[in-house]
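Heads up: the structure comes next, in structure tokens.
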Amino acid sequence: MNVVTRFAPSPTGYLHIGGARTALFNWLFARHHGGQYKLRIEDTDAKRSTKPAINAIIDSLTWLGLENDGETIFQSSRRNLHVAAAEKLLAENKAYRCYCSSEELSEMRTKARASRTTNSYDRRWRDRDPADHPSDISPVVRIKMPLGGVTTINDKVQGAVSVNNEELDDFILLRSDGTPTYMHSVVVDDHDMEVTHIIRGDDHLNNAFRQYHLYQALNWKPPEYAHIPLIHGQDGQKLSKRHGALGVEAYKEMGYLPEAVRNYLLRLGWSHKDHELISTKNAIAWFKLSSINKGPSRFDFDRLDSVNKHYISECEDEKLVQLIIEFARGHKDIDEKLFVERLLLLLPALKKRAKNLKEMFNDALFLVIPPAYPVKDKKAANCLGPDSKKLLRSLSLTLNEIEDWDLDRTEKCVRSFAEAHGVKLADVAKPLRVALTGSLASPGIFEVVVALGREEVASRLKNVK
RNA sequence: GACCCCAUCGUCUAGAGGCCUAGGACACCGGCCUUUCACGCCGGCAACGCGGGUUCAAAUCCCGCUGGGGUCACCA
């Protein structure tokens with residue numbers, strides 16, 4: 001099967017998580033069929049489209065690893081083609097000029113609501129003689145939709161969906177200033193781009209019927225449609241900033257890995273048996289439109305975290321370190337070289353505990369920023385009583401005698417030290433942890449000791465206050 | 001309001017009439033491990049929205065209700 005899909009965001013803001021999933025599904029479907037995945041920026045609305053938004057969207061897509069095939073197409077550059085298509089319909093009497101004022105239209109809308117119908121425009125210019133048009137109004141161009149009958153779309157996700165044609169209004173193709181509307185441009189562009197499958201949010205399901213008839217009028221073959229359910233917030237309401245409707249770049253900043261975001265998004269509304277952690281290779285091999293659920297799903301950060309944890313644990317150390325030190329930018333007091341050096345040593349221990357890169361960064365910060373005294377956390381500060389300090393001073397001397405500074409020897413050294421002093425390991429480990437990290441919660445104490453190095457440990461023990 | 005869509009544990013989901021005493025994952029709770037927080041391991045709680053059909057048999061098919069969502073722009 002020859003497959004061409006597209007993702008067509010409008011650049012009025014960042015790429016939100018729902019859009020990212022739509023892009024992912026389009027990308028996956030194209031890859032699965034060895035087809036093409038294209039990107040089209042729907043910047044028809046010059047007033048609301050912005051350059052920064054375009055860049056943000058493309059950056060996010062790149063970060064997610066969803067590279068498009070071929071050139072990115074800008075809808076605005078195709079304006080003359082849209083206009084030409086509308087004029088063709090006008091010439092064929094499949095479209096007409098409508099001279100209604102905005103007052104008339106809003107009046108019709110109010111009336112329609114009151115009379116319990118969907119269709120608000122009453123088609124008053126459809127068959128009226130264009131000769132008696134008012135001179136002070138520049139017309140819009142509207143399509144002539146069928147007046148009776150039923151339209152059925154066999155949606156790949158939703159199944160057969162039918163609507164009475166009387167519900168469909170004569171929508172606008174060209175605005176009064178001559179610019180094409182979205183409803184019109186999409187059809188022309190999708191046709192010219194030879195798009196075979198339109199996969200998009202089901203907020204477009206109703207539009208599909210209108211677009212379908214535009215294809216008919218233009219004598220073009222309509223594409224296959226797949227309307228995927230929307231993503232809701234954790235409370236089941238529409239996604240808002242509070243629960244996940246952030247730009248994709250916000251997820252990057254929170255420390256999520258792109259492969260984790262992709263995996264999480266993939267499993268939101270789509271599944272393959274009981275598989276949860278799915279490699280890109282398998283995702284491509286397994287992706288089917290028929291496996292997409294019909295109902296909306298909720299965004300769940302706990303779930304994202306757990307997926308992210310997995311990909312962090314799988315990530316190569318060198319790569320991880322590079323990603324983590326990005327969070328160090330802006331911290332002037334961090335010696336990056338030293339940080340990387342120590343981070344690499346601590347990474348195995350760090351990997352086990354963090355949900356995201358930012359957390360890893362924060363957990364590792366003590367590597368280059370020694371504890372500040374007095375220690376803020378009360379419980380931690382309490383671990384540095386007179387007895388403990390004495391113990392630490394003594395420990396410092398013992399540690400210094402170690403020949404090879406590695407995990408095994410430092411552990412043995414501390415353990416036998418505790419034994420020799422007749423105290424529990426915890427009685428030594430706790431103060432040591434606070435002295436080295438400034439906190440009661442840290443990676444394993446021996447990992448910490450090794451990562452900091454002999455000199456730094458000695459220095460921090462000396463500086464305990 | 002009209003039209004369209006949807007409905008399995010708290011959440012994401014498996015389930016295509018008998019394999020369902022409804023499976024997995026996340027979260028949650030308990031235990032083990034333990035130098036802290038974690039990780040890991042073991043165990044637990046927890047769902048077919050309701051009412052009618054169809055059928056020998058229904059989470060699965062049909063109808064109604066209820067609930068949720070979407071769309072009704074010279075936005076996309």
Side-chain angles (χ1 to χ4, degrees), chain A residues 8-12 42-45 47-49 75 98 100 102 105-106 109 112-121 138-142 155 157-159 161-164 166-169 171-177 179 181-183 185-186 201-209 227 229-230 232 234 236-238 264 267-277 293-307 309 313 349-355 363 379-380 383 411 414-415 418 424-430 432-434 437 439-446 448:
Chain A
S10 65
T12 53
E42 309 232 311
D43 54 350
T44 309
D45 186 349
K47 285 182 212 106
R48 301 204 308 154
S49 302
Q75 192 162 60
C98 163
C100 286
S102 51
L105 288 170
S106 67
R109 261 197 293 280
R113 285 256 168 157
S115 68
R116 306 182 167 198
T117 55
T118 284
N119 209 338
S120 68
Y121 176 61
S138 33
V140 298
V141 174
R142 289 182 185 270
D155 192 274
V157 171
Q158 305 292 342
V161 184
S162 300
V163 88
N164 285 325
E166 39 190 62
E167 307 289 340
L168 275 17
D169 62 344
F171 63 90
I172 294 172
L173 266 23
L174 257 31
R175 303 187 184 96
S176 52
D177 64 359
T179 59
T181 59
Y182 154 81
M183 203 69 80
S185 313
V186 216
D202 73 8
D203 49 337
H204 282 284
L205 185 54
N206 288 286
N207 291 337
F209 294 97
H227 288 94
L230 267 19
H232 288 168
Q234 266 160 328
Q237 297 300 112
K238 202 173 165 183
Y264 172 70
R267 281 290 286 104
L268 216 51
W270 178 90
S271 61
H272 181 75
K273 298 176 184 168
D274 276 343
H275 294 284
E276 304 288 351
L277 299 165
N293 274 337
K294 292 176 165 192
S297 42
R298 302 184 186 200
F299 191 90
D300 182 7
F301 271 108
D302 284 336
R303 194 58 188 270
L304 212 207
D305 283 343
S306 93
V307 175
K309 240 187 238 176
S313 74
L350 229 38
K351 268 181 171 180
K352 286 187 197 159
R353 52 208 320 281
K355 294 196 289 282
D363 285 356
K379 273 189 183 169
C383 290
E411 172 158 4
V414 175
R415 280 189 190 276
K424 284 183 290 182
L425 179 58
D427 295 329
V428 183
K430 266 191 179 183
L432 182 58
R433 169 170 290 112
V434 176
T437 71
S439 158
L440 271 174
S442 82
I445 189 63
F446 307 114
V448 167

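This one's a predicted model, so the numbers in the text were calculated from it and none came from an experiment.
Smallest separation of non-hydrogen atoms from A/A208 and A/H227: CB-CE1, 3.6 Å. Closest heavy-atom contact between A/S49 and A/T12: N-CG2, 4.5 Å. The two residues A/A354 and A/K309 have their closest heavy-atom pair at O-CG, 3.2 Å. The two atoms that bring A/P229 and A/D202 nearest to each other are CA-OD2, 3.5 Å, heavy atoms only.
Sequence order on RNA chain B of the closest nucleotides to A/S271 and A/S162 puts A/S162 first from the 5' end. Residue whose closest nucleotide on RNA chain B sits further toward the 5' end, between A/S442 and A/F209: A/F209.
Here A/H204 packs flat against the base of B/A76; its ring centre is closer than 5.5 angstrom to the base's six-membered ring, tilted by less than 30 degrees.
Distances were taken from every side-chain heavy atom of A/S176 (C-beta onward) to each of B/A76, B/C74, B/C26; the shortest belongs to B/C74. For A/L268, the listed nucleotide lying nearest its side chain is B/C12; candidates were B/U35, B/C12, B/C26. Comparing B/U35, B/A76, B/C4 against the side chain of A/V163 picks out B/C4 as the nearest. Residue A/S306 has its side chain nearest to B/C26 when only B/C26, B/G70, B/A76 are considered. In this structure, of B/C6, B/C39, B/A76, it is B/C39 that holds the atom nearest to the side chain of A/K352. Between B/C6, B/C74, B/A27, one nucleotide has an atom nearer to the side chain of A/L105 than all others, and that is B/C74. In this structure, of B/A76, B/U36, B/U35, it is B/U35 that holds the atom nearest to the side chain of A/A429. When distances are taken from the side chain of A/N206 to each of B/C4, B/A73, B/A27, the shortest belongs to B/C4. Closest to the side chain of A/L205, from the set B/G24, B/C74, B/C4, is B/C4. Looking at the side chain of A/D45, the nearest of the listed nucleotides B/C74, B/U13, B/A76 is B/A76.
Looking at A/N164, its side chain never comes within 3.5 Å of a backbone N or O of A/E166 through a donor-acceptor pair.
When heavy atoms are screened at a 4.0 angstrom cut-off, A/E276 is found touching base atoms of the nucleic acid. Note on A/L304: nothing from the nucleic acid sits closer than 4.0 angstrom, heavy atoms only. Residue-level contact check: A/K47 touches neither bases nor backbone, having no heavy atom under 4.0 Å from any strand. Here A/I445 lies in heavy-atom contact (under 4.0 Å) with a base.
Under the Watson-Crick or G-U wobble criterion, with both distances below 3.5 Å, B/G40 is paired with B/C32. Look at B/A16: it lacks any Watson-Crick or wobble partner with both distances under 3.5 angstrom. Nucleotide B/C26 has B/G10 as its partner under the Watson-Crick or G-U criteria, with both atom distances under 3.5 Å. Look at B/C3: its Watson-Crick or wobble partner, with both distances under 3.5 angstrom, is B/G70. B/G64 is paired with B/C50 under the criterion used here, namely a Watson-Crick or G-U wobble arrangement in which both key atom distances are under 3.5 Å.
Following rounding to the nearest Å, A/Y264 (OH) and B/A25 (P) show an atom-to-atom distance of 17 Å. Going from atom OH of A/Y121 over to atom C1' of B/C72 covers 17 Å, rounded to whole Å. In this entry the distance linking CG of A/N207 with P of B/C72 reads 7 Å, nearest Å. In this structure, A/E167 atom CD and B/C3 atom C1' are separated by 5 Å, rounded to whole Å. Computed from coordinates, the A/K273 NZ to B/G24 P distance equals 17 Å when rounded to whole Å. Between A/L168 atom CG and B/U71 atom P there is a gap of 16 Å when expressed in whole angstrom units.
Judged by atom type and distance alone, A/D300 does not reach the base of B/A27 through any side-chain donor-acceptor pair under 3.5 Å. Side chain A/D274 to base B/G23: a donor-acceptor pair is found below 3.5 Å. Side-chain to base pairing of A/R303 with B/A27: no donor and acceptor N or O lie closer than 3.5 Å to each other. For a distance-only test at 3.5 Å, the side chain of A/S297 fails to qualify as a donor-acceptor partner of the base of B/C12.
The ring of A/Y264 has its center closer than 6.0 angstrom to the ring center of A/F299.
A donor-acceptor contact under 3.5 angstrom links the side chains of A/R433 and A/S442, judged on distance only.
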